[in-house]
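Taking it in order: structure first as structure tokens, then the write-up.
When a ligand or atom number is given, it counts from 1 through the structure's own listing order. Only this structure's heavy atoms are used, side chains among them; waters, hydrogens and symmetry mates stay out.
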Amino acid sequence: MEKSLILTGFMGAGKSSVARYIAQKLDWIELDLDSEIERAQGRSISEIFEKEGEEYFRTLETRILKATLENESMVLATGGGVLTQSANRQLLKGHFVVNLRVDPALAFARIKGDSDKRPLARAGLEELESLYSARAEHYDSVKLQVDTKGKTPQEVAEEVLSLMQG
Ligand code: S3P
């Protein structure tokens with residue numbers, strides 16, 4: 001069994017719900033990178049984006065990702081932009097990473113109205129589609145992939161667990 005599990009994927013892929021389920025099942029700790037950032041900063045992701053800008057957020061995200069990766073027996077739900085940064089891709093090398101796939105239309109349906117954590121999702125479906133296409137190569141580059149379409153978080157989690165066992 002791997003030492004830890006890192007879940008990547010676009011917003012709305014269900015990373016946090018899947019992480020929670022797997023962590024319970026394995027009796028591992030479950031961490032959510034966005035929540036760790038919010039906790040460290042004492043403010044919401046939206047506020048960080050608004051007051052400091054995205055670049056500042058990305059620097060924080062890398063710093064907290066690095067610290068978080070020190071944990072063992074952890075399921076980590078990353079933020080949807082983590083793979084866009086080469087520093088983060090380097091940090092994730094050697095870790096057991098599974099990318100949860102979601103297409104932009106499904107992501108839009110799942111996340112609309114949840115803009116406090118997702119300032120980048122405030123726009124419409126079209127913007128979400130172009131954000132997705134700009135990032136697709138990074139999501140596609142993860143060796144282990146699980147498609148989430150038409151599946152419950154539990155079903156996705158079971159597929160991830162079988163990848164971990166296989
Ligand atoms: C982001 C995704 C969000 C959060 C921030 C930026 C992105 O995480 O990190 O709003 O760039 O895709 P989720 O994927 O958990 O929504």
Side-chain angles (χ1 to χ4, degrees), residues 4-23 29-69 71 74-92 95 97-142 144-149 151-153 156-157 160:
S4 277
L5 165 69
I6 320 299
L7 295 174
T8 63
F10 198 56
M11 292 174 268
K15 301 176 294 278
S16 305
S17 318
V18 172
R20 200 166 311 126
Y21 183 90
I22 296 175
I29 53 165
E30 179 244 324
L31 290 178
D32 181 283
L33 191 58
D34 289 331
S35 307
E36 292 304 300
I37 296 169
E38 290 183 327
R39 198 159 57 91
Q41 286 278 301
R43 51 187 173 164
S44 72
I45 301 284
S46 282
E47 199 178 332
I48 303 169
F49 264 77
E50 268 153 34
K51 299 232 166 89
E52 322 288 350
E54 182 170 352
E55 210 177 307
Y56 180 92
F57 171 78
R58 295 298 170 201
T59 307
L60 268 178
E61 185 176 52
T62 298
R63 193 195 317 145
I64 294 177
L65 174 67
K66 188 169 185 212
T68 306
L69 289 173
N71 291 297
M74 163 191 72
V75 188
L76 175 66
T78 63
V82 152
L83 290 178
T84 64
Q85 308 298 305
S86 70
N88 299 342
R89 296 196 297 275
Q90 288 300 323
L91 286 172
L92 289 175
H95 289 270
V97 181
V98 178
N99 187 64
L100 303 186
R101 302 195 70 81
V102 60
D103 62 57
L106 180 56
F108 184 69
R110 285 180 182 164
I111 68 184
K112 59 177 187 281
D114 188 11
S115 60
D116 206 38
K117 212 190 110 202
R118 299 185 173 107
L120 296 177
R122 279 201 190 125
L125 174 57
E126 254 171 56
E127 279 87 344
L128 216 58
E129 278 169 343
S130 45
L131 190 63
Y132 187 91
S133 340
R135 295 172 169 186
E137 60 167 314
H138 300 302
Y139 298 129
D140 294 348
S141 73
V142 178
L144 299 171
Q145 302 273 341
V146 173
D147 197 355
T148 68
K149 198 168 190 161
K151 295 174 194 159
T152 64
V156 174
V160 175

Less than 4.5 Å apart, any side-chain heavy atom of [X] and any of [Y]?
X	Y	value
Asp34	Phe57	yes
Met74	Thr68	yes
Asp147	Lys151	yes
Arg20	Ser16	yes
Lys51	Arg43	yes

Quiz item: Is there at least one pair of N or O atoms, one from Phe49 and one from ligand 1, spaced under 3.5 Å apart?
Solution: no
Exercise. Return yes or no for this condition: an N or O of Thr78 is under 3.5 Å from an N or O of ligand 1.
Key: no
Identity and distance of the protein heavy atom lying nearest [atom]:
atom	value
atom 8 (O) of ligand 1	Asp34 OD2, 2.8 Å
atom 10 (O) of ligand 1	Lys117 O, 2.8 Å
atom 2 (C) of ligand 1	Gly80 N, 3.4 Å

Enumerate the atoms of ligand 1 whose separation from the nearest heavy atom of [X] is less than 4.0 angstrom.
X	value
Pro119	10 (O)
Arg118	10 (O), 13 (P), 16 (O)
Ile45	5 (C), 10 (O)

Practice problem: Look at the side chain of Arg135 and the backbone N and O of Gly80, then say whether any donor-acceptor pair between them is shorter than 3.5 Å. | Solution: yes
Residue-level breakdown please: for [X] versus ligand 1, do any non-hydrogen atoms fall below 4.0 Å on the side chain, on the backbone, on both, or on neither?
X	value
Arg135	side chain
Glu54	neither
Leu120	side chain

Quiz prompt | Nearest neighbour of atom 6 (C) of ligand 1 from the list Met11, Arg58, Glu61, on a heavy-atom basis | solution = Arg58
Quiz item: In this structure, which one of Asn88, Leu76, Ile6 forms a side-chain contact (heavy atoms from CB on, under 4.5 Å) with Val82?
Solution: Asn88
Quiz prompt | Derivation of the salt bridge (Lys or Arg N to Asp or Glu O under 4.0 Å) call for Arg39 and Glu36 | solution = CA-CA 5 Å; Arg39 198 159 57 91; Glu36 292 304 300; 2.6 Å; yes
